[in-house]
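Given the structure is predicted, the values throughout are model-derived calculations rather than measurements. Heads up: numbering here begins at 1 and tracks the sequence.
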Amino acid sequence: MSFPLDPFPVLTALQSIVDSIQTNPVTILDAPPGTGKTTALPTELLKKGVSFGKKICILEPRRIAAKNAAKRISQTLNEEVGETVGYRVRFDTKVGKKTKLEFVTDGILTKILLADPELKDYGLIVFDEFHERRMDSDLCFALARRSQEVFRADLKILIMSATLEGQNFNSIGIHSEPIQVSAQTHPMEIFHMGDSNKNTNQRLLDLVPKAVEQTAGDILVFLSGKKEIHDLRNSLESIPLVKSNAVVMGLFGDMDLVDQERIFLPSPNGKKKIILSTNIAESSVTIPGVRVVFDSGFQKQAIFDSDSGVSHLIKTRISLSSAKQRAGRSAREGKGLVYRLWSKEEEKSFLDRTKPEILEGDIDRLVLEVKSWGEEIQQLPFLDPPNKGSVMQSIQRLQLLGCLDDKTNLTNLGKESLRYPLPIRLGKILAILPKEKENIIADIVSLVGKENSGTEAKIFTEEIFPSKFSYDLRAVYDQILRIYREKTDFSMVIPEKERLFYLASGFPDRIAKAKVINEKNFKLSNGKIGILNTTSIQISEYILVLDTFSFGQDLYITHFLPIDEIQIEKFFRHIITKKTVSEKRTNQRGESFLVVKEEVSLGDLVLESKETKSPNPTVLSLALEEYFAKSPWEDEWKKDSDLKNFYNRVRFLERHGVLNTNTDLPHLKQNAKEWLFPFINLDSGKLSLDKLPFFEAFKAYVGYDKINLIDSQAPVSLQVPSGSRIQLNYEGTEPELHVKLQELFGLKMLPKLANGKVSILIHLLSPARRPVQITKDLESFWNHGYHEVKKELKGRYPRHPWPDKPWEAIPTKHLNHTKRS
């Protein structure tokens, strides 16, 4: 495996790219890492005039990549950033009146698109590192495509990536063939270091110092998360060989941008750089000097549980595509060495590419942004649309928060919540926060971007000061505060004194109740079970869960606030429900009765439950209706064999058009109040579930006037020639008669049922009542199959009659004491 020698191989395809942009709405460029598509191509496209006098906007998913790309291009033009080339990233913008190339992050481009759907200032939108498939990038792409279709036929889109495997562009009407760029490359050696189950930290402590001593160039180590970076950095810096010859640096998403930029500068005193990075270093701008890559093979990924509304940051395997990108960092400037901390065999189980974030992430903000654009998610041309079930659950959460109304329209509260570049829950808190509660903003911002390590759960105290924030979190706080101070007082409620009220307003589905007081398992109002990992002796019965993390299937509560029932009633009275519920209770004699309770609930959390003594008929009727809705009706029919048989006969006649009733069980369950309740005495205040009049009520529902018809066309039994009356079985698709063949002697045909439409399926039995033949045509059996049966069974049952002409013989159900011919 190897990487480009020519600094700008992409320019060999420049004319093809230009021609495609001028011809097609969307152009696709597939070019290996380091071919110059980020730093060389944009200025050449500008010279070629493909943006028709307007600006070119280049979306870089990561801030550090956007800033460094703008700086590098500006250097080649001998200009300062903000002249021809500029950037817009969160917390930092450098553009001017003469700027023609703008590097922006996906969050910034989303804001631009929502503010100006026509993109009046731009002629070409470039999506760099398209393979990363971040949710905001996918939204920008869908909105830009819609802008082309509705507002701007002249708007052009260019997709650029080093790996486009598995991207189904045809599904959204993009049929232009990808332009392929190849290049002469630097060689690269890849070594698989064996089973990844070994301790990653210890292996790197063994390997990295050897690389410092024995290899040329700087070293890039890919780890899964910030905690892993801090742990390894502390350990490496304690090794004398490393300390003397190298400087250890971290690189992750929420670190100080100034510190991030130092990664691109030569290290002090000429020492080697050891860069410990998350997947932020996987793609985009080259980190100069790197010639050695160690890859742990893992990443931290936010997986959203749409059932609970909780995001979990979990450690997962990287994809083959990511492994390829990471390896490529080693050979940008010369021969590269790559050490993969897994075996070649393990690699067979890697996914080809990382799943798009839109399929696994929190889409609440996405739903609101699309609403504010004026469309529904399913209407937009997403390359991978979010799951329909996830969209419905998101809509329900947003309705609970008040950001969507009962018709799923965007509310004023939803619009205000979107002003803050935060999770919608936190935006909602800020939207209702009155001016005099500005001090709570630090609490809200402190909930952003934590990477939990599973330490003891913390009570969310009031001692939170912005001065203690990291650089990046302080920048978030300053930005949020600025937006907040610009708002009109949008408070939708009378201002509350309690800080808890505002925090709780963003988490109505995270009220939790201890399953057992002073124990650590809590049920949340969204139905999930959370584990409170704390050494506290006294644990509140109710808590507000502010943050969680998962380990396997378990959900651990990491940040919480105590809350009491009075506060819950006060804060959530608008979504607390009161309802009558019922349950089946069996006494010591085995008798079952219906118990009626009045329950007060918040979501799936029962706050209060009281048994109702001697409920009145109305309450009892509601309780019975609720009980039937959740009870397994099939079991009720099976209890009474007469009812079960009658039901099967009615269903048989329905299937064959003799009856036009509807006795489908779900239909009966749904309408039990109409046909069953009138036969139940609801005045007693106590109801036995063992003596419910199902059979009588069901006969009335079918109609007493139809009983004779049912008896004639689907009789309970038939009298056979032997004089026996044998029950018919209607459980299958056809009525069945199970009878000893000697009892049918002298008979050539059984009657047909259902107005002569359906033949009876006869199961003919031996004298020992074992099946010997199944037939609908008795006459055919006598003429053909019977003689084979006779030959087989006559010797076994010599005392039973086996006549040569059974259709003329005398039927019997007893032994034959005299021989017959």
Side-chain angles (χ1 to χ4, degrees), residues 579-587 589-598 611-717 725 727-733 735-736 753-755 758:
K579 62 181 179 180
T580 299
V581 298
S582 58
E583 68 178 42
K584 183 178 181 179
R585 187 175 295 171
T586 305
N587 62 22
R589 294 192 298 274
E591 299 168 328
S592 297
F593 295 90
L594 186 72
V595 174
V596 181
K597 294 180 178 180
E598 294 294 321
E611 185 174 336
T612 305
K613 301 296 183 183
S614 301
N616 63 47
T618 302
V619 171
L620 196 56
S621 176
L622 289 171
L624 188 60
E625 195 172 356
E626 192 257 348
Y627 170 76
F628 282 140
K630 66 186 180 185
S631 67
W633 272 57
E634 292 81 358
D635 295 343
E636 299 292 345
W637 300 112
K638 290 174 185 175
K639 286 178 183 177
D640 186 331
S641 59
D642 290 337
L643 169 58
K644 180 182 174 184
N645 185 261
F646 182 71
Y647 177 74
N648 289 336
R649 292 162 61 208
V650 170
R651 293 292 286 168
F652 163 70
L653 293 178
E654 280 180 355
R655 286 197 302 273
H656 294 284
V658 178
L659 292 177
N660 60 1
T661 49
N662 181 357
T663 60
D664 184 57
L665 281 180
H667 175 77
L668 290 175
K669 178 184 279 193
Q670 187 177 353
N671 295 281
K673 192 173 182 180
E674 283 71 37
W675 67 270
L676 177 59
F677 283 30
F679 287 80
I680 300 173
N681 180 8
L682 297 173
D683 294 321
S684 65
K686 188 176 183 181
L687 189 63
S688 169
L689 294 174
D690 299 324
K691 299 176 181 177
L692 293 174
F694 282 105
F695 197 180
E696 198 59 37
F698 183 65
K699 283 194 289 188
Y701 172 77
V702 173
Y704 293 117
D705 59 324
K706 296 184 176 68
I707 298 298
N708 288 337
L709 175 66
I710 295 168
D711 286 342
S712 65
Q713 299 307 315
V716 174
S717 59
R725 180 160 287 279
Q727 186 164 323
L728 287 163
N729 186 331
Y730 292 89
E731 285 192 17
T733 55
E736 298 176 7
L753 308 183
N755 289 338
V758 182

Participant: Taking the side chain as everything from C-beta on, heavy atoms only, tell me whether Leu665 gets closer than 4.5 Å to Glu634.
Facilitator: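 A side-chain contact exists here, since the closest heavy-atom pair is under 4.5 Å.
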
Participant: Kindly compute the distance separating CG (Leu659) from CG (Leu709), expressed to the nearest 0.5 Å.
Facilitator: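 Result: 5.5 Å between the selected atoms.
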
Participant: Got a second to check how far Lys691's NZ is from Ile680's CD1, nearest 0.5 Å?
Facilitator: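 The NZ atom of Lys691 sits 14.0 Å away from the CD1 atom of Ile680.
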
Participant: Can we call the ring centroids of Trp637 and Phe695 under 6.0 Å apart?
Facilitator: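 Centroid distance Trp637-Phe695: not below 6.0 Å, so no.
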
Participant: Would you indicate whether the side-chain heavy atoms of Trp633 and Leu668 approach each other to under 4.5 Å?
Facilitator: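 When only atoms from C-beta onward are counted, Trp633 and Leu668 do touch, with a gap below 4.5 Å.
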
Participant: Anything under 30° is parallel, anything over 60° is perpendicular, the rest tilted; go ahead and classify Phe628 against Phe677.
Facilitator: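 Phe628 and Phe677: tilted rings.
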
Participant: Examine distances only and state if a side-chain atom of Asn729 and a backbone atom of Glu736 form a donor-acceptor pair shorter than 3.5 Å.
Facilitator: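 No, because the side chain of Asn729 does not come within donor-acceptor range (under 3.5 Å) of the backbone of Glu736.
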
Participant: Determine yes or no for a side-chain-to-main-chain donor-acceptor pair under 3.5 angstrom, with Ser621 supplying the side chain and Pro617 the backbone.
Facilitator: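 Not confirmed, Ser621 side chain does not pair with Pro617 backbone.
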
Participant: Taking Trp675 for the side chain and Ala700 for the main chain, is one N or O donor matched with an acceptor at less than 3.5 Å?
Facilitator: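 Answer holds: no.
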
Participant: Within the 4.5 Å heavy-atom criterion, are Glu654 and Asp664 side-chain neighbours or not?
Facilitator: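 Of all side-chain heavy-atom pairs linking Asp664 with Glu654, none is under 4.5 Å.
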
Participant: Side chain of Tyr647, backbone of Thr663: donor and acceptor closer than 3.5 Å?
Facilitator: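 Confirmed, Tyr647 side chain pairs with Thr663 backbone.
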
Participant: On a heavy-atom basis, which atom in Ala623 and which in Ser582 lie closest, and how many Å separate them?
Facilitator: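 Closest approach of Ala623 to Ser582, heavy atoms only: O-OG, 2.9 Å.
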
Participant: Could you walk me through whether Glu731 and Lys644 pass the salt bridge (Lys or Arg N to Asp or Glu O under 4.0 Å) check?
Facilitator: CA-CA 9 Å; Glu731 285 192 17; Lys644 180 182 174 184; 3.2 Å; yes

Participant: Starting at CD of Glu583, measure out to CG of Leu689 and round the result to the nearest 0.5 Å.
Facilitator: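 Reported to 0.5 Å precision, the distance equals 11.0 Å.
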
Participant: If you compare all heavy atoms of Lys673 against all heavy atoms of Pro678, which two are closest, and at what distance to 0.1 Å?
Facilitator: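 The pair with the smallest heavy-atom distance is O-CD, 3.6 Å.
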
Participant: Using 4.0 Å as the upper bound for N to carboxylate O, is an ion pair formed by Arg649 and Asp711?
Facilitator: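 Yes, Asp711 and Arg649 are salt-bridged.
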
Participant: Do Val702 and Ile710 have side chains that approach each other closer than 4.5 Å (heavy atoms only, starting at C-beta)?
Facilitator: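 The answer is yes; the side chains approach within 4.5 Å.
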
Participant: Which pair of heavy atoms, one from Gln727 and one from Ser717, lies closest together, and at what distance?
Facilitator: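 Scanning both residues completely, I find the closest heavy atoms to be CA-CB, 3.7 Å.
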
Participant: What heavy-atom pair brings Ala697 and Leu676 nearest, and what distance separates the two atoms?
Facilitator: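 That closest heavy-atom pairing would be CB-CD1, 3.6 Å.
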
Participant: Please evaluate residues Lys579 and Leu622 with respect to the criterion side-chain contact (heavy atoms from CB on, under 4.5 Å), reporting the C-alpha separation (whole Å), side-chain torsions for both, the decisive distance (0.1 Å), and the verdict.
Facilitator: CA-CA 9 Å; Lys579 62 181 179 180; Leu622 289 171; over 6 Å; no

Participant: Mark yes or no for whether Asn671, through its side chain, and His667, through its backbone, hold a donor-acceptor pair below 3.5 Å.
Facilitator: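 Yes; judged by distance alone, with no hydrogens or angles, the pair exists.
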
Participant: With rounding to the nearest 0.5 angstrom, report the CG to CG distance, Leu687 to Asn681.
Facilitator: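 Reported value, rounded in 0.5 Å steps: 8.5 Å.
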
Participant: Mark yes or no: Lys699 above the aromatic ring of Tyr701, with NZ or CZ under 6.0 Å from the six-membered ring centre and no more than 45 degrees from the axis.
Facilitator: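 The answer is no; the distance or angle limit is not met.
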
Participant: Do the non-hydrogen side-chain atoms of Phe698 and Asp640 ever get within less than 4.5 Å of each other?
Facilitator: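 Answer no - side chains too far apart.
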
Participant: Give a yes or no on whether a salt bridge exists between Arg585 and Glu611, defined as a side-chain N under 4.0 angstrom from a carboxylate O.
Facilitator: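 Here Arg585 pairs with Glu611 in a salt bridge, since their nearest N and O are under 4.0 Å apart.
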
Participant: Are any side-chain N or O atoms of Lys669 and backbone N or O atoms of Ser631, one a donor and one an acceptor, separated by less than 3.5 Å?
Facilitator: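 Answer holds: yes.
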
Participant: State, without any angle test, whether Ser688 and Glu591 hold a side-chain donor-acceptor pair at a distance under 3.5 Å.
Facilitator: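 No, no side-chain donor-acceptor pair sits under 3.5 Å.
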
Participant: I need the minimum non-hydrogen distance between Pro715 and Leu728, along with the two atoms involved.
Facilitator: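 Smallest interatomic distance, heavy atoms only, reads O-CD1, 3.5 Å.
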
Participant: Glu598 vs Val619, test: side-chain contact (heavy atoms from CB on, under 4.5 Å). Steps then yes/no.
Facilitator: CA-CA 10 Å; Glu598 294 294 321; Val619 171; 4.1 Å; yes

Participant: Mind checking the CG-CG spacing from Asn616 to Asp683? Nearest 0.5 Å is all I need.
Facilitator: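 The CG atom of Asn616 sits 10.0 Å away from the CG atom of Asp683.
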
Participant: What's the verdict on side-chain contact (heavy atoms from CB on, under 4.5 Å) for Tyr730 and Leu753, showing C-alpha distance, side-chain angles and the deciding distance?
Facilitator: CA-CA 11 Å; Tyr730 292 89; Leu753 308 183; 3.6 Å; yes

Participant: Any side-chain to backbone donor/acceptor pair from Gln713 onto Asn755? Under 3.5 Å, distance only.
Facilitator: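 Yes, Gln713 side chain to Asn755 backbone: donor-acceptor pair under 3.5 Å.
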
Participant: Would you name the heavy atoms of Phe652 and Ala714 that are closest together and state the gap between them?
Facilitator: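 That would be CD2-CB, 3.9 Å.
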
Participant: Verify side-chain contact (heavy atoms from CB on, under 4.5 Å) between Leu620 and Leu594, making sure each step is shown before the conclusion.
Facilitator: CA-CA 9 Å; Leu620 196 56; Leu594 186 72; 4.2 Å; yes

Participant: Between the side chains of Glu626 and Thr580, is a donor N or O closer than 3.5 angstrom to an acceptor N or O?
Facilitator: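 No, because no side-chain N or O of Glu626 sits under 3.5 Å from a partner of the opposite role on Thr580.
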
Participant: More than 12 heavy atoms of other residues, nucleotides or ligands under 6.0 Å from CG of Asp635: yes or no?
Facilitator: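 Yes - once you tally the heavy atoms of other residues, nucleotides and ligands closer than 6.0 Å, there are more than 12.
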
Participant: So for atom NZ, which belongs to Lys630, do other residues, nucleotides or ligands contribute more than 12 heavy atoms lying within a distance under 6.0 Å?
Facilitator: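 Yes, because the 6.0 Å sphere around NZ of Lys630 holds more than 12 heavy atoms from other groups.
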
